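No hydrogens, no waters, no symmetry mates; every other heavy atom, side chains included, goes into these values. All of these numbers come straight from a predicted model, not from anything done at the bench.
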Amino acid sequence: MSRYDVVVIGGGAAGLSGAVALARSRRTVLVVDAGQPRNAPASGVHNYLGREGARPADLLADGRAELAGYGGEVLDGVVTAARRADDGTFRVVLDGGREVSARRLLVTTGLVDELPELPGLAQRWGRDVLHCPYCHGWEVRDQAIGVLATGPNAVHQALLFRQLSEDVVFFRHTGPGLAPEQAEQLTALGVRLVDGEVTGIEVTGDRLTGVRLGTGEVVPRSALVVAPRFTARAGVLASLGVPAVDQEMGGSVVGSAVPADPTGATSVPGVWVAGNVADLSAQVVVSAAAGMRAGAMINADLVSEDARAAVAAHRSAAA
């Protein structure tokens, strides 16, 4: 069985950043990556200082190359389970049955965006069907933007995107009724309110061109803002006794995440998390920073363990 100081489960920005920090501290590191990055549909990474607009695939390729330069390993595959052995190490089971051993685990498996159930949304996701003004807002500035209300946070989204365009339409759809002050805010800012449920979107030449209502009316739009449910990819963590818990925003459940302390340490000794699996609002640069911090904390934990073992061996030899 191959043995490592740390196995990192998930090879996105958080996982690779943590792995690089560990490898630079001369730890043996294996990153197991399933190849399902959340931001794969996006054309570029934004708000990442020095890498503005970089293609997500290029950022990950560069991260892998950096890790290899410090002796870290990357394995394309899926972790199906993980368990703690009697000696306190972890057994990590890969698809195909292979097992590897690790003294510590860093889990950076991210989350899944569960979109509202409307035909065509998934195919446009990350392109002109959006949710985050900081991820994609600049790219749709001054365009005709629609906001699809499905929960209580739709008004907040509308206010954020109104900062980027004077042409914003608020589709009430299945969202809760607007409080008087909310309706007044939107009206005062020139946001048009549209009643009735949305039944689909119109696409022309691989571009979103409109939002279709149940009445058959099509409201011309070139971007549509939605609110996904952000569900942590936490199956492996659940098998270790660290389940994801519901996350609320504005009194409504918006997704799930795995609880951890500010360093990424979970309630299970030896298991750390970083990135969207623990923080559903983290952008790429935030996930990378969290991964680096978790990697440093893991190394510090291993340093302490190594020192204790050295002292015990020294005392035994001197006895």
Side-chain angles (χ1 to χ4, degrees), residues 1-40 45 48-52 54-79 82 88-94 98-110 236 260 262-266 269-279 282-310:
M1 182 184 297
S2 300
R3 300 179 184 277
Y4 297 89
D5 288 322
V6 184
V7 168
V8 180
I9 305 173
L16 290 173
S17 291
V20 167
L22 287 158
R24 282 174 53 84
S25 293
R26 311 195 76 173
R27 295 297 176 186
T28 55
V29 184
L30 173 68
V31 176
V32 183
D33 183 36
Q36 298 175 337
R38 177 191 179 198
N39 63 352
V45 171
Y48 199 131
L49 189 62
R51 296 303 300 266
E52 176 61 31
R55 293 178 61 248
D58 291 344
L59 184 67
L60 297 185
D62 290 347
R64 285 188 174 202
E66 289 177 11
L67 177 59
Y70 294 112
E73 300 176 36
V74 177
L75 176 65
D76 293 320
V78 175
V79 172
T89 62
F90 296 92
R91 299 292 186 267
V92 179
V93 183
L94 310 177
R98 179 186 172 189
E99 292 191 16
V100 296
S101 173
R103 296 170 66 189
R104 301 291 186 272
L105 295 180
L106 173 56
V107 182
T108 60
T109 43
V236 170
T263 73
T266 71
V271 179
W272 271 259
V273 291
N276 284 143
V277 73
D279 180 359
Q283 288 187 264
V284 178
V285 68
V286 177
S287 292
M292 187 275 160
R293 179 174 56 192
M297 293 301 102
I298 292 171
N299 181 60
D301 192 42
L302 289 170
V303 164
S304 295
E305 183 174 271
D306 292 341
R308 289 193 299 271

Is any side-chain heavy atom of [Y] closer than 4.5 Å to one of [X]?
| X | Y | value |
| --- | --- | --- |
| Asp62 | Arg51 | yes |
| Trp272 | Val107 | no |
| Glu99 | Val92 | no |
| Ile298 | Leu106 | yes |
| Val45 | Asn39 | yes |
| Val236 | Thr109 | no |
| Val277 | Thr108 | no |

**Message:** Under a 3.5 Å distance rule, please check whether Asp33 uses its side chain to pair with a backbone N or O of Gly11 as donor and acceptor.
**Reply:**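 Checking the backbone N and O of Gly11 against the side chain of Asp33, a donor-acceptor pair under 3.5 Å is found.
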**Prompt:** Between the side chains of Tyr4 and Glu73, does any donor sit under 3.5 Å from an acceptor?
**Reply:**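 Per modelled atom types, Tyr4 and Glu73 side chains form a pair under 3.5 Å.
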**Short side-chain donor-acceptor distance under 3.5 Å, Arg91 and Ser101** = yes
Of the non-hydrogen atoms in [X] and [Y], which two are nearest, and what is the gap between them?
| X | Y | answer |
| --- | --- | --- |
| Pro269 | Phe90 | O-CZ, 3.5 Å |
| Ala21 | Ala296 | CB-N, 4.5 Å |
| Ala23 | Gly72 | CB-N, 4.4 Å |
| Ala290 | Gly275 | CB-N, 4.1 Å |
| Gly63 | Val20 | O-CG2, 4.4 Å |
| Gly110 | Asn276 | CA-CB, 4.0 Å |

**Complete:** Checking Leu75, Val8, Val6 against Leu30 for side-chain contact (heavy atoms from CB on, under 4.5 Å), the one that qualifies is Leu75
Euclidean distance, [Y] [atom2] relative to [X] [atom1], rounded to 0.5 Å:
| X | Y | atom1 | atom2 | result |
| --- | --- | --- | --- | --- |
| Thr89 | Arg104 | OG1 | CZ | 10.0 Å |
| Arg98 | Ser2 | CZ | OG | 4.5 Å |
| Thr28 | Leu22 | OG1 | CG | 9.5 Å |
| Leu67 | Leu60 | CG | CG | 12.0 Å |
| Leu302 | Met297 | CG | CE | 12.0 Å |
| Glu305 | Asp5 | CD | CG | 9.5 Å |

**Asked** Do Val285 and Leu49 pass the side chain to side chain contact (heavy atoms under 4.5 Å, CB included) test, and can you show the C-alpha distance, the side-chain angles, and the key distance before you say yes or no?
**Response** CA-CA 8 Å; Val285 68; Leu49 189 62; 5.9 Å; no
**Ionic contact status for Asp306 with Arg27, cut-off 4.0 Å** = yes
**Item:** Worked check of side chain to side chain contact (heavy atoms under 4.5 Å, CB included) between Val32 and Val7
**Value:** CA-CA 7 Å; Val32 183; Val7 168; 4.3 Å; yes
